Each structure stands twice: as C-alpha cells, then as structure tokens.
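None of the values given here were measured: they were computed from a predicted structure.
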Amino acid sequence: MPLPYFEVDVPIHRTGQPGRSGVHVFTGRADSRSAAVRIAHEVYDAARAASAAGLEISHGRPDGWGACGYRPGWELDWPAATVGRWNNPNGCTRADDGDFEL
C-alpha cells in the first residue's frame, strides 16, 4: 500500500517588509506527520542551496516532494508549521473521513 500524501503548511513573512506574509505549502508522501515536516524542510533546504549555487531546482522526487522555486527574502517559520493529510481539491472525497487512503 502506498504511503499517504501529506500537506505541510509553513507560515512565511517577507524580511524587511512588515505585514507581508503568507503560507508556503508542500505536499508529498510520508509515513508520518513528523516525517512529512522533515522531508518538506529537506526539500526547501535543497531548493535554497541550488538557488544559491546558481543550479536548477529539482521539481520532484519519487515520493512526490519537490519545490518549484525559491524566493529570496522570504523567511519560513518551521516551528509554526502545521501538517495533515492532503485533501485533493479536485477530488470527490476527503482524506479525513476515516475510510479512504490517499
């Protein structure tokens, strides 16, 4: 059985510009909530390092995690991250209804 998809929502804010904030969303397969946060953080760190080195950012790993870009000047608040099972907005069921595995 494949691992479930998780969504990790990490609050972000623009350094030097108070009031500019949002949420960076990561999704992918993991075996637990803590693993999902750890993997999301790894993907973000890899994107940041690739950007700093002038390299292309990897858009996806076999487990579904990836980054489409990196925005310098935005800080992620990892301790405030929330994580849950990912609900496909285009699907007809919800992942949290207890009888369905993503």
Side-chain angles (χ1 to χ4, degrees):
M1 174 181 274
L3 296 174
Y5 264 93
F6 283 91
E7 175 179 320
V8 179
D9 297 336
V10 186
I12 59 174
H13 68 274
R14 180 83 172 148
T15 56
Q17 294 182 333
R20 295 206 55 201
S21 62
V23 176
H24 193 104
V25 178
F26 298 88
T27 61
R29 293 188 184 279
D31 61 4
S32 68
R33 291 173 187 262
S34 60
V37 173
R38 178 184 50 78
I39 295 167
H41 205 311
E42 289 171 2
V43 166
Y44 174 77
D45 288 344
R48 183 178 58 196
S51 178
L55 302 173
E56 183 177 341
I57 295 173
S58 173
H59 292 285
R61 301 174 1 166
D63 56 6
W65 297 93
C68 294
Y70 171 74
R71 296 175 67 186
W74 287 87
E75 296 294 324
L76 280 72
D77 185 1
W78 288 101
T82 59
V83 61
R85 296 285 295 275
W86 181 64
N87 289 310
N88 182 346
N90 299 314
C92 58
T93 59
R94 294 183 49 83
D96 60 358
D97 64 8
D99 64 354
F100 162 65
E101 249 342 277
L102 284 176

What closest approach, in Å, do [X] and [Y] show between heavy atoms, and which atom pair accounts for it?
X: R29; Y: P2; value: NH1-CB, 3.6 Å
X: V83; Y: A36; value: CG2-CB, 3.9 Å
X: R33; Y: F6; value: CG-CE2, 3.8 Å
X: L3; Y: A30; value: CB-O, 3.7 Å

field: Any pair counted as side-chain hydrogen bond (donor to acceptor under 3.5 Å, both in side chains), so long as it reaches residues 62-71, sequence neighbours left out
entry: R61-D63
- prompt: If two hydrophobic side chains count as joined below 4.5 Å and joins carry through other members, does W86 share a cluster with V8?
  reply: no
task: Report whether I12 and V43 are members of the same hydrophobic cluster (ILVMFWY, side-chain heavy atoms less than 4.5 Å apart, transitive linking).
output: yes
- prompt: Are E7 and Y5 side-chain neighbours, meaning at least one heavy-atom pair lies under 4.5 Å?
  reply: no
field: ring-ring contact (aromatic ring centres under 6.0 Å, His included) against H41, all qualifying residues, sequence neighbours excluded
entry: W78
query: At what distance, to the nearest 0.5 angstrom, does CG of D31 lie from CD1 of I39?
result: 7.0 Å
message: With a 6.0 Å cut-off (strictly less than), is the heavy-atom count around CD of Q17, excluding the residue itself, greater than 12?
response: yes
